[in-house]
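Heads up: the structure comes next, in structure tokens.
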Amino acid sequence: MEDEKEKLREDQDEQIVNDAFQHLLDSYLASRHRKKVDIITKAFNFARQAHKGVRRLSGEPYILHPIAVAQIACEEVGLGSTSICAALLHDVVEDTDYTTEDIENIFGPKIAQIVDGLTKISGGIFGEQASAQAENFKKLLLTMSEDIRVILIKICDRLHNMRTLQSQPANKQYKIAGETLYIYAPLSNRLGLYKIKSELENLSFQYEHPDEYNSIKAKLASTEAKRHELFDQFTAPIEESLRQMGVKYQIKERVKTPYSIWNKMQNKHVTFDEVYDILAVRIIFTPDKREEEINECFNIYVAISKIYKSHPDRLRDWLSHPKANGYQALHVTLMSKQGRWIEVQIRSDRMDEIAEQGFAAHWKYKDGMEKEFTEDENELNDWLRTIKEILDDPQPDAMDFLDAIKLNLFASEIFVFTPKGEIKTMPTGCTALDFAFSIHTFLGSHCIGAKVNHKLVPLSHKLKSGDQVEILTSKSQHVQSSWISFVSTAKAKAKIQAILRRNGREIQKQGEEILSAFLKNNDIENSVAVADQLAAFHESRSREDFFQSLGDKTILLGEKDIDELHGKNSANGVSGWRRLVPFLSKGKAKQADEQPDYFIVPEKFNRKKPIYINDTNISQYRFRRCCHPIPGDDILGFIDTKKRIEIHKRDCPVANKLKTSYGNRILDAKWDMHKRLFFDATIHIEGIDRVGMVMDISKIISSQMNVNIHKLTITSEEGVFQGDIEIRVHDREDVKTIIDQLKNVEDLQEVTQTM
């Protein structure tokens, strides 16, 4: 009976696998690529045999995952047979006994190179202090700078993992979602994969903040009918005008995703009802002649601005100078008859396809053949060069490396002119020094200033779109450590750090010699542990920083250091770790000898189960000031290097880096509090000043809500005031209730929670 059940299950699985592969072939045959069905079938049969008998956590046959990744690569990114084969084979080397050489012998060097780029590495690139994730990401980028298909298939792989994330335990969900939001969503955006970027953001948001996600989805559903009505009323006269012009068009309703709505609510401190740009309108037209499409965009703009008034400051022209990811469109914001500003995006069908699918869509407008990805794609050229330069100089720290890469991923662009009138695309917020480094490292490292529009400006001067920039240099100028604080591009940061490190190595060497001589004179054995102990005693970030400080004489060794090494300082409370218990008033640090015991994670600790924080055990966890979590916040745990557990908000910037770099140390954490302890929270208020305002505010908080005001700071200028109220509350629910009550106070215009 059991054998029959097993046989039936195997037959069903085989049917599901065959159907999935047939769907992939059908999608491929419907594309404009060359029809290399044989090699795709060969790759499928090879992968099916290699993964035979293996199942995913969800219970389905493992081979369905590579087929799904290949399906996304083919259908949603528009890639051809080489990429489809690499997607089918992407886990073979990692999960089975086959090697890259085997793949090369059977499928050739190109497919083998891509598969190798997608295979996780076992050896370390950064050394011990780095994480596997950062190492693997670095390898991915190394291969990607040779063949961009590596990163495109990796994004397809990540998208399928996110779509099937429900089968993973919560700590893994936070790790994968955090990594996705920190690295893969901005990467997708940079490569022009807008649809995939939006889906990755949404799925990450859904797993990290399920309550907020469901709440926004419900609100979007309840306001859908009203949005449709507004869309119909707004577009009716536009459609009439386009018909009269004889334009072949379609008009689409574009609704903001739950993630982008939530993001706006967080950044602007507004409620769902106050997010006004949830609806946008997209006009997509097919031009009679391809070369006329830019003129056609402007003709449509002129026609619709006769119907509605346009916002003078919100015209965005990405037609003549597309974004670095190839995006082209004309954005205009119009005032509807209902008194609402509505953004209208005007683009041709070609521009629309590139906006949705990214670089792969470019090929459809070439000769329909599968192209090799090369650096001839101008939009990618500078970006890939920047990545190569960062990779040429390995960062000592995984976090620094990820930050350096990420710096340029999200950046929106400005256009800057050289003295000869050549255009250079730079990230928004960049400085004259960033511009100098973007042209040449020598120019950057000897830069003393710049002329912007023929006026002399300092290195830190921020550039604006349309500026003409001339860099001034001097041979006597050398890289300064202060430059790091104001440059904003990954390239400039990486180059400055590399030069400083090169200079710093000599100083560090001197520091090591100073320590060695000091220890020898005091009959103390020189060891790594001793150096680490003194580095911690002097509050240096690392051993290398400590040696640097010794070398440049900012730390001088003496009697106190000998006492520290002999353990005499700790008893007096001079040395040792200090911490803040989250519900104590700010600033009152407990000394090491008063410190409660932290929970130390044992060797065989089940990391898949959530930890519960309650009134009794809360002091056993470390609460970091980076995000100030209080009960009611979505939180996670992180096991630090001393096996203690730190608690962070799930959307804390520090936690995002930890998820990306040290994902295997992330834990699911939940609150189990009973409104006994108090926590600090801050509410920001703004409004029109009047007599009795402070009394009305304090009456609501103290009398009605029975909450203790810890500190109240208000400044008033020309009849307008703003201020912060620090209160002691049990949880986030208390804060929300107080904010809701304060919104009823007359003349109080804005009430937001800051911490």
Nearest 0.5 Å, what's the [atom1]-[atom2] distance between [X] and [Y]?
| X | Y | atom1 | atom2 | value |
| --- | --- | --- | --- | --- |
| K252 | R282 | NZ | CZ | 7.0 Å |
| K451 | H454 | NZ | NE2 | 9.0 Å |
| I346 | E296 | CD1 | CD | 10.5 Å |
| I251 | L242 | CD1 | CG | 5.5 Å |

Which pair of non-hydrogen atoms, one from [X] and one from [Y], has the smallest distance, and what is that distance?
| X | Y | result |
| --- | --- | --- |
| K649 | H628 | CE-O, 3.9 Å |
| A303 | M245 | CB-SD, 3.6 Å |
| G466 | F417 | O-CD1, 3.8 Å |
| C297 | L330 | O-CD2, 4.0 Å |
| Q749 | I688 | NE2-CG1, 3.8 Å |
| E208 | R650 | O-NH1, 2.6 Å |

Is it the case that [X] and [Y] place a side-chain donor and acceptor less than 3.5 Å from each other?
| X | Y | answer |
| --- | --- | --- |
| D467 | N453 | yes |
| S260 | N263 | no |
| Y327 | R347 | yes |
| E274 | T271 | yes |
| K217 | N214 | no |
| S336 | R340 | no |

Just do the side chain to side chain contact (heavy atoms under 4.5 Å, CB included) check on Y184 and N161 with the steps written out, would you? CA-CA 12 Å; Y184 291 101; N161 284 336; over 6 Å; no

Checking the side chain of Y249 only, and the main-chain atoms of R243 only, is there a donor and an acceptor separated by less than 3.5 Å?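 No; judged by distance alone, with no hydrogens or angles, the pair does not exist.
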
For A355, does its backbone N or O pair with a side-chain atom of D352 as donor and acceptor, under 3.5 Å?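 No; zero donor-acceptor contacts below 3.5 Å.
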
Report all side-chain donor-acceptor pairs from residues 305-312 shorter than 3.5 Å, counting only partners two or more places apart or in another chain.
residue: S305; atom: OG; partner: Y301; partner atom: O; Å: 2.9
residue: S305; atom: OG; partner: V302; partner atom: O; Å: 3.1
residue: Y308; atom: OH; partner: F234; partner atom: O; Å: 2.7
residue: H311; atom: ND1; partner: D313; partner atom: N; Å: 3.2

Note, I304 side chain near L334 side chain (heavy atom, < 4.5 Å):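 Result yes, sub-4.5 Å side-chain heavy-atom pair found.
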
With Q233, which of Q338, H228, K337 fulfils side-chain hydrogen bond (donor to acceptor under 3.5 Å, both in side chains)?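 Of the listed residues Q338, H228, K337, the side-chain hydrogen bond (donor to acceptor under 3.5 Å, both in side chains) partner of Q233 is Q338.
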
